[in-house]
Amino acid sequence: MHSLIAVEIVLRARLPDAGKGATAPAQQQGAAYGILTARHAEYLDHGRQIRNGMAHGQTTHAVMPSVMAVPMVTTSFTVVSELCAAVL
């Protein structure tokens, strides 16, 4: 979940008028502006759904299986790295 929060923070910093609302519009806007690839947006949206399920009590597992966690954390790291490198 922390990797998704990091992506959200960096993505909002790069998007015009991102605001502090829901994460889904920021991901959609990131894809529309070409900041996120379609694959990145898909992984991040899946992660957002899992995070929302945990935050709202629909999902009770405290540990995500590695088969799900590894692609999400890897994608999050890649997105944050690329967005931060583009600023420098």
Side-chain angles (χ1 to χ4, degrees):
M1 291 193 34
H2 286 43
S3 68
L4 295 171
I5 293 167
V7 171
E8 187 175 338
I9 290 167
V10 173
L11 189 57
R12 288 185 189 286
R14 293 286 311 277
L15 291 172
D17 303 321
K20 294 185 179 182
T23 304
Q27 289 175 351
Q28 293 166 355
Q29 193 178 7
Y33 281 107
I35 294 172
L36 298 175
T37 67
R39 185 176 77 84
H40 291 161
E42 179 183 346
Y43 274 125
L44 295 173
D45 188 57
H46 184 66
R48 180 192 60 78
Q49 291 174 25
I50 293 169
R51 185 199 64 205
N52 286 350
M54 294 173 91
H56 299 289
Q58 298 162 341
T59 304
T60 58
H61 297 110
V63 177
M64 182 181 295
S66 60
V67 72
M68 293 170 61
V70 170
M72 191 180 323
V73 172
T74 301
T75 300
S76 297
F77 180 81
T78 300
V79 169
V80 168
S81 297
E82 289 175 2
L83 291 178
C84 288
V87 174
L88 300 175

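Numbering of residues begins at 1 and proceeds along the displayed sequence.
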Side-chain donor-acceptor contacts of residues 65-76 below 3.5 Å, not counting sequence neighbours, with atom names and distances?
residue, atom, partner, partner atom, Å
Thr74, OG1, Val70, O, 2.7
Thr75, OG1, Pro71, O, 2.7
Ser76, OG, Ser3, OG, 3.3
Ser76, OG, Met72, O, 2.8

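- Under the 4.5 Å side-chain heavy-atom criterion for grouping Ile, Leu, Val, Met, Phe, Trp and Tyr, Val80 is connected to Tyr33 within one hydrophobic cluster.
- Note: Glu82 CD to Thr37 OG1 = 7.5 Å, rounded to the nearest 0.5 Å.
- Annotation for Ile5: hydrophobic cluster partners, listed by chain and number, are Ile9 (ILVMFWY side-chain heavy atoms under 4.5 Å, direct or chained).
- At a threshold of 4.5 Å between non-hydrogen side-chain atoms, the residues Leu11 and Val79 do not count as touching.
- Note that CG of Leu83 is 10.5 Å distant from OG1 of Thr78, once rounded to the nearest 0.5 Å.
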